[in-house]
Amino acid sequence: MALFMINRYLGEEEESKSNGESRSKDLLNKLQERAKARQQLSHATKEESDVQDSKTSERSRVGKTKRNLERQEKEKKQPKKKRKESVREQDDGNVDVDDTPVEQADLGTSEQSGRKKKKKDKKGSATQEEKQHTESSGAVDEPESQTTADAQPERSNTSSSFFVLGGFENKTIPKVQRVLPKWLAEPDMIQRDVKSNLIPLGDMPGICPLLRKKLETNGIQNFFPVQAEVIPAVLESVNSGLLIGQGGYRPRDICVSAPTGSGKTLAFVIPVVQALMMRVVCEVRALVVLPTKELAQQVYKVFYHYAEGTGLKVVLAAGKKPFAVEQATLLEVRGGVSRSLADIVVATPGRLVDHINKTQGFSLQHLRFLIIDEADRMIDSMQQAWLSQVTKAVYKSGCGSGVSLFRRVEPGPITVASLSPPQMPLQKLLFSATLTQNPEKLQQLGLHQPRLFSSTHSSASEEKFNFPQGLTEYYVCCTLSKKPLLILHFLLRLKFYPVLCFTNSREAAHRLFLLVKLYGGVEVAEFSSRLNPSERQKTLKNFEKGKIQLLISTDAAARGIDIKGVKCVINYDAPQYIRTYIHRVGRTARAGKAGVAFTFVLGVQVERFVKMVQDGGSPGLQKQTIKPESLRGMESRYEDVLVELGRVIKEETAHKHF
Ligand SMILES: Nc1ncnc2c1ncn2[C@@H]1O[C@H](COP(=O)(O)OP(=O)(O)OP(=O)(O)O)[C@@H](O)[C@H]1O
């Protein structure tokens, strides 16, 4: 028994059998008449022998049609099961069979599919024959069009060995459009053009005189657009004190997506220092988490500078110092009671988790601000489970320093009981130049009624990123062997420096460093995990001071690092991802200044690279051509250097193995 069957509407044939019989006869008569007419036509135009051939073929065709009609009528009279058997018999006997879906659904074995193929071939030629006839007859009258319509499903069946039940055609399924939540789809817009949207310090209400003075002594006369939007938003949430947000509600979390170098650091440093400066007891109330030691140190310095003179204590916990030293800077134990020595902790996730688990008395129970810088990168490193550890430490009860005035429970549904007495809210502030819009990823952060500030308006179908206004982007199409010559040409001939150059691996960075050094004429250094943290720090300082003309780096220096005066970035190896590209080229054209970025792209990479950058929202990527003759004078020296490089690398490898 068939698993399921399909009932077909057979038209009037079903309704009245006698009607069906007379219709078949009519059809047969018409076909015969038409055959005769064709015969006469061919008489007039062809030779006698041709006419004879035509007669035979027409006769056989008419005979065949007649046989088919007779068989169809016979089948209709047979019960369904018998009909199926007879089809199989006819099939075995290589007889052309009118396929009905029921029969096709029953044919499934390989033997049957073999048979089907045979049948298909036959049908294919028959259909072709019919087509030729139709074409040669020219005008198509009504019954003929009906015949053609009947033949249609047969034709489509022959195109594939699979049969689609229900007569659906294969269609390409349209891509499902993502639907962004309202807060992502409708952000508070930030002006991308820094220079023409400066806000004088005096125009921003609520900034305390001490902080304003510090800003001025740092040469800051105006706020950048991102600062003008985000600082008031954070301050608004502490208007009624640290405990309750605006209107008595828990403050909303804030996400900021603004171009590289647009001043995001001060957008959180200023309001956090201002919000905490009136605190009475020293407790960890702000925690800043960053992906690398270098970035943590950079942000620590900014916090330290603006917190100086306010009584707030800022501590770095990023593994720059031994663990015990960090512990001693975080808290002190007197008479068996531990006391926090930090109001603001700037940390890397690994070191932070170590302190949560191993530093007795280290408490996050009073945490008010959790700042996640380079947020998209931090979400990617969520497998370290650092956020869940922080959350656990925040809502931990019964330990820590002293007795808390306010109980603190993990936020749940809002009830009268849950709102009284008030508890310290934890507000998350997220910052990145390439903040993800992936709701699944953002969900891991457990944001509370988030509010997004962004300088781009991504549509539901495509994610666009922020590019600095002053950046000019070029790509240079080249071969692998010409890349080192190109970089030498940029430095020695075009006198582009200081240059920050990126490779895709530390080995590539080291080889290029050796090659440029052996060639000579350029002050070069490398920056990667080959160097220890203090060497890396020293290298960055020397680069900033102008002692290094070319700094060859891995992506270790791609994110967040703020080196003043970098006029040119060269992607020696084209980056694979748009986010990497944006952060690398964002080391120049910072703080509203101009900068230029070149990417060396191999022929096979061009199409993909250009598409990636354009799809990412780049305002204008241009092609730069370097004529081969421009490199000619350097080639012979380069050949010698390559030989020398081989020798040096061999020595280094031997030394490593030894
Ligand atoms: N209002 C301002 N006026 C002048 N300079 C500023 C101002 N705000 C920030 N800067 C300077 O702009 C530079 C870039 O700032 P910052 O490092 O905060 O950028 P960012 O947006 O965090 O960049 P990235 O996304 O690369 O981390 C810094 O050197 C900083 O001192």
Side-chain angles (χ1 to χ4, degrees), residues 190-204 207 211-212 214-232 255-273 288-292 294-306 346 371-378 429-436 453-456 465-471 500 502 540 543-544 553 555-567 569 579-595 597:
I190 298 170
Q191 294 298 328
R192 204 166 63 92
D193 185 357
V194 169
K195 269 190 185 165
S196 41
N197 292 287
L198 296 169
I199 311 290
L201 295 189
D203 289 4
M204 178 94 86
I207 303 291
L211 285 178
R212 194 175 300 165
K214 276 180 182 279
L215 286 164
E216 279 165 358
T217 47
N218 275 353
I220 294 177
Q221 305 296 330
N222 303 287
F223 281 119
F224 286 168
V226 66
Q227 295 156 357
E229 292 290 335
V230 177
I231 294 173
C255 301
V256 180
S257 182
T260 48
S262 61
K264 293 186 287 293
T265 312
L266 280 184
F268 60 81
V269 168
I270 298 294
V272 166
V273 170
V288 193
V289 192
L290 296 113
T292 63
E294 282 76 22
L295 274 182
Q297 170 126 21
Q298 186 177 293
V299 170
Y300 163 77
K301 276 187 185 165
V302 182
F303 259 117
Y304 185 85
H305 178 79
Y306 285 95
V346 184
I371 300 136
I372 308 176
D373 202 1
E374 304 298 342
D376 56 320
R377 165 92 184 269
M378 297 304 292
L429 312 178
L430 271 68
F431 293 82
S432 178
T434 51
L435 191 70
T436 180
F453 292 87
S454 177
S455 51
T456 52
F465 294 100
N466 309 282
F467 286 75
Q469 185 82 9
L471 178 70
L500 181 55
F502 289 101
L540 282 183
F543 185 53
E544 199 155 17
S553 173
D555 284 324
R559 263 190 192 255
I561 298 288
D562 183 51
I563 312 163
K564 288 186 181 67
V566 178
K567 291 201 186 84
V569 166
R579 282 190 165 82
T580 316
Y581 176 78
I582 289 170
H583 287 284
R584 281 182 181 183
V585 298
R587 295 315 101 205
T588 185
R590 296 176 72 76
K593 296 199 176 75

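Atoms within each ligand, like the ligands themselves, are counted from 1 in listed order. The shown structure was predicted, so the numbers you read here are calculated from the model rather than taken from an experiment.
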Nearest protein heavy atom with distance in Å, relative to atom 4 (C) of ligand 1
F224 CZ, 3.4 Å

Could you find the nearest protein heavy atom to atom 23 (O) of ligand 1 and give me its residue, atom name and distance?
G261 N, 2.8 Å

For the 3.5 Å polar cut-off, considering only N or O atoms, please tell me whether R587 and ligand 1 meet it.
yes

N/O to N/O below 3.5 Å, does that happen between I220 and ligand 1?
no

Would you indicate which of [options] comes nearest to [atom] when only heavy atoms are counted?
| atom | options | result |
| --- | --- | --- |
| atom 12 (O) of ligand 1 | A591, G586, S262 | A591 |
| atom 28 (C) of ligand 1 | I270, D562, I563 | D562 |
| atom 21 (O) of ligand 1 | K564, Q298, K264, Q221 | K264 |
| atom 17 (O) of ligand 1 | H583, R590, Q227 | R590 |
| atom 19 (O) of ligand 1 | G560, G263, A558 | G263 |

May I ask you to list the atoms of ligand 1 that are less than 4.0 angstrom from any heavy atom of [X]?
| X | result |
| --- | --- |
| P259 | 21 (O) |
| E374 | 27 (O) |
| L266 | 8 (N) |
| N222 | 1 (N), 2 (C), 3 (N) |
| T265 | 16 (P), 17 (O), 18 (O), 22 (O) |

Test log, rule side-chain contact (heavy atoms from CB on, under 4.5 Å), inputs V256 and F268:
CA-CA 10 Å; V256 180; F268 60 81; over 6 Å; no

What's the spacing between [X] [atom1] and [Y] [atom2] if we round to 0.5 Å?
| X | Y | atom1 | atom2 | result |
| --- | --- | --- | --- | --- |
| I190 | S262 | CD1 | OG | 7.0 Å |
| R377 | T436 | CZ | OG1 | 15.0 Å |
| I371 | K264 | CD1 | NZ | 14.5 Å |
| E229 | F453 | CD | CZ | 6.0 Å |

Measuring only between side-chain heavy atoms, which start at C-beta, is Y304 closer than 4.5 Å to V346?
no

Would you please name every residue forming a side-chain contact (heavy atoms from CB on, under 4.5 Å) with V194, sequence neighbours left out?
L198, F224, P225

Apply side-chain contact (heavy atoms from CB on, under 4.5 Å) to Y306 and L211, showing your working.
CA-CA 7 Å; Y306 285 95; L211 285 178; 4.2 Å; yes

Would you say that more than 12 heavy atoms from the other residues, nucleotides or ligands in this model lie under 6.0 Å from the CD of Q297, or not?
yes

With heavy atoms under 4.0 Å as the rule, classify the contact between D373 and ligand 1 as side chain, backbone, both or neither.
neither

Report, one line per pair, each donor and acceptor closer than 3.5 Å where one atom sits in a side chain of residues 583-591; sequence neighbours left out.
unit_1: H583; atom_1: NE2; unit_2: T434; atom_2: OG1; d: 2.8
unit_1: H583; atom_1: NE2; unit_2: R559; atom_2: NH1; d: 3.3
unit_1: R584; atom_1: NE; unit_2: D555; atom_2: OD1; d: 2.7
unit_1: R584; atom_1: NH1; unit_2: N571; atom_2: OD1; d: 3.2
unit_1: R584; atom_1: NH1; unit_2: D573; atom_2: O; d: 3.0
unit_1: R584; atom_1: NH2; unit_2: T503; atom_2: O; d: 3.4
unit_1: R584; atom_1: NH2; unit_2: N504; atom_2: OD1; d: 2.8
unit_1: R584; atom_1: NH2; unit_2: D555; atom_2: OD1; d: 3.3
unit_1: R584; atom_1: NH2; unit_2: D555; atom_2: OD2; d: 3.4
unit_1: R587; atom_1: NE; unit_2: A558; atom_2: O; d: 2.8
unit_1: R587; atom_1: NE; unit_2: H583; atom_2: O; d: 2.9
unit_1: R587; atom_1: NH1; unit_2: I561; atom_2: O; d: 2.8
unit_1: R587; atom_1: NH2; unit_2: A558; atom_2: O; d: 3.4
unit_1: R587; atom_1: NH2; unit_2: H583; atom_2: O; d: 3.2
unit_1: T588; atom_1: OG1; unit_2: V566; atom_2: O; d: 2.7
unit_1: T588; atom_1: OG1; unit_2: K567; atom_2: O; d: 3.4
unit_1: R590; atom_1: NE; unit_2: D562; atom_2: OD1; d: 2.7
unit_1: R590; atom_1: NH1; unit_2: G586; atom_2: O; d: 2.9
unit_1: R590; atom_1: NH2; unit_2: D562; atom_2: OD1; d: 3.3

